[in-house]
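Here the structure is laid out as structure tokens; the discussion comes afterwards.
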Amino acid sequence: MFNYNFHWRPVMKSLPDLLEAALLTLQVAVLAMVIGILIGLCLALVRMHLKGPVYWLASAWVELARNTPALFQLFFFGFGLGAFGLHLSPYLIVLAGLSFNCAGYLAENFRGGFQAVPDTQLRASRSLGMTAWQAYTRVVIPQVFRIVYHPVTNQMVWAVLMSSLGMLVGFRELSGETQIFASRTFRIFEYFAVTAVVYYVIVKLILGASRLLAVRLFRY
């Protein structure tokens with residue numbers, strides 16, 4: 001018979017700490033996305049224009065990021081590098097793991113975006129006297145970002161949610177902090193129910209902000 005007694009008071013007392021941990025979750029996800037976007041762009045361009053060892057290195061990055069579990073990648077940076085004497089803090093482990101994964105997924109998104117932009121755009125830019133750098137940064141890449149905007153938003157949501165794996169390497173983000181409080185008070189359901197609501201609100205804020213930004217950026 002169901003006789004569980006709910007006690008929300010400990011959760012309410014811990015709510016400021018949980019919200020602070022939520023900000024840390026958002027911080028590491030945003031940094032991972034920034035790094036992932038920069039590296040993903042480089043990986044996409046390398047796979048499109050270069051050959052040889054650099055191409056194979058970029059391809060290996062993309063294949064590993066997309067075809068192995070995110071937890072495996074996190075453990076590699078947390079424990080795999082430790083076998084070689086390189087010990088990272090929990091924060092850097094999560095940041096490296098998320099950045100590696102985001103870069104691999106975003107590289108394929110960007111490659112599809114580049115292929116969707118007609119080659120005539122680049123040739124026309126060069127014929128007007130632009131350098132290759134100017135043609136890409138002023139003509140091609142802005143169009144690519146417009147094409148991949150929504151997949152990038154989805155990747156941002158993924159980064160926020162997957163940062164919860166950080167509690168397995170000792171990172172006290174939202175899920176890690178929740179686990180600690182829940183183990184101290186034995187109010188498992190209450191803490192994780194509130195944490196689920198916090199994650200839901202964060203995701204909805206990201207999606208809402210992305211819609212507002214899209215209206216401003218792509219109003220034409």
Side-chain angles (χ1 to χ4, degrees), residues 17-18 20-112 148 151-152 154-184 186 188 191-192 195-196 198-199 202-203 206:
D17 293 319
L18 294 179
E20 185 176 348
L23 291 177
L24 186 60
T25 291
L26 193 57
Q27 180 191 87
V28 74
V30 169
L31 285 176
M33 279 298 297
V34 172
I35 296 172
I37 286 172
L38 295 176
I39 297 178
L41 269 174
C42 294
L43 292 175
L45 290 171
V46 165
R47 297 187 74 199
M48 290 171 58
H49 299 294
L50 297 181
K51 297 295 181 183
V54 179
Y55 171 84
W56 292 112
L57 179 62
S59 297
W61 185 318
V62 173
E63 291 297 319
L64 286 173
R66 289 167 57 88
N67 298 298
T68 58
L71 183 60
F72 171 84
Q73 298 165 27
L74 201 66
F75 279 176
F76 171 78
F77 288 102
F79 308 114
L81 294 182
F84 299 96
L86 182 59
H87 301 282
L88 303 179
S89 67
Y91 183 90
L92 290 179
I93 292 171
V94 175
L95 180 60
L98 289 180
S99 299
F100 177 85
N101 191 276
C102 288
Y105 276 94
L106 291 173
E108 284 297 277
N109 290 334
F110 286 133
R111 190 161 70 98
V148 303
V152 168
N154 292 336
Q155 189 68 29
M156 177 63 198
V157 170
W158 184 96
V160 169
L161 298 180
M162 288 301 104
S163 66
S164 61
L165 295 175
M167 70 177 181
L168 299 177
V169 293
F171 184 44
R172 293 183 62 172
E173 42 68 60
L174 181 55
S175 293
E177 198 75 3
T178 300
Q179 177 67 31
I180 290 174
F181 280 117
S183 63
R184 289 175 181 173
F186 301 102
I188 307 297
Y191 269 102
F192 279 96
T195 298
V198 175
Y199 273 117
I202 291 175
V203 170
I206 291 172

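Atom CD of Glu177 sits about 9.5 Å away from atom OH of Tyr191, to the nearest 0.5 Å. Atom NE2 of His87 sits about 13.5 Å away from atom CG of Leu92, to the nearest 0.5 Å. Atoms CD and OG1, on Glu173 and Thr178 in that order, are 7.5 Å from each other to the nearest 0.5 Å. Atom CZ in Phe76 sits 12.0 Å away from atom CD1 in Ile93 (nearest 0.5 Å). Separating the CD1 atom in Ile37 from the OG atom in Ser99 is a distance of 11.0 Å, to the nearest 0.5 Å. Atoms CD and CE, from Gln73 and Met162 in turn, are 11.5 Å apart once rounded to the nearest 0.5 Å.
A 4.5 Å side-chain heavy-atom check between Asn101 and Arg66 finds every atom pair outside the cut-off. For the pair Leu64/Phe100, a side-chain contact is recorded, criterion being any heavy-atom separation below 4.5 Å from C-beta on. You'll find the side chain of Val152 reaches within 4.5 Å of the side chain of Met33, heavy atoms only. The closest side-chain heavy-atom distance from Gln27 to Tyr91 is below 4.5 Å. Side-chain contact between Leu98 and Leu165 is absent, with no heavy-atom pair separated by less than 4.5 Å.
Closest non-hydrogen pair, Ala22 versus Val198, comes out as CB-CG1, 3.9 Å. Between Gly40 and Phe110 the shortest heavy-atom distance is C-CD1, 3.8 Å. Ala32 approaches Leu95 most closely through the heavy-atom pair N-CD1, 3.6 Å. Shortest non-hydrogen contact noted between Pro151 and Asn109 is CB-ND2, 3.9 Å. Here the closest non-hydrogen pair linking Val94 and Phe171 is CG2-CD2, 3.6 Å. When all heavy atoms are compared, the tightest approach of Gln179 to Phe192 is OE1-CZ, 3.4 Å.
Side-chain contact, Tyr199 with Thr25: no donor N or O sits under 3.5 Å from an acceptor N or O.
Although no hydrogens or angles enter the test, the distance criterion places a donor-acceptor pair under 3.5 Å between the side chain of Asn67 and the main chain of Glu63. Side-chain atoms of Ser164 come within 3.5 Å of backbone atoms of Leu161 as a donor-acceptor pair (strictly under, hydrogens ignored).
Ring planes of Tyr105 and Trp158: tilted class, angle from 30 to 60°.
Atom CD of Glu20 has 12 or fewer heavy atoms from other residues, nucleotides or ligands within 6.0 Å. Crowding of Phe79 atom CZ: a count of heavy atoms from other residues, nucleotides or ligands under 6.0 Å exceeding 12.
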May I have the step-by-step check of side chain to side chain contact (heavy atoms under 4.5 Å, CB included) for Leu168 and Leu74, ending in yes or no? CA-CA 9 Å; Leu168 299 177; Leu74 201 66; 5.6 Å; no
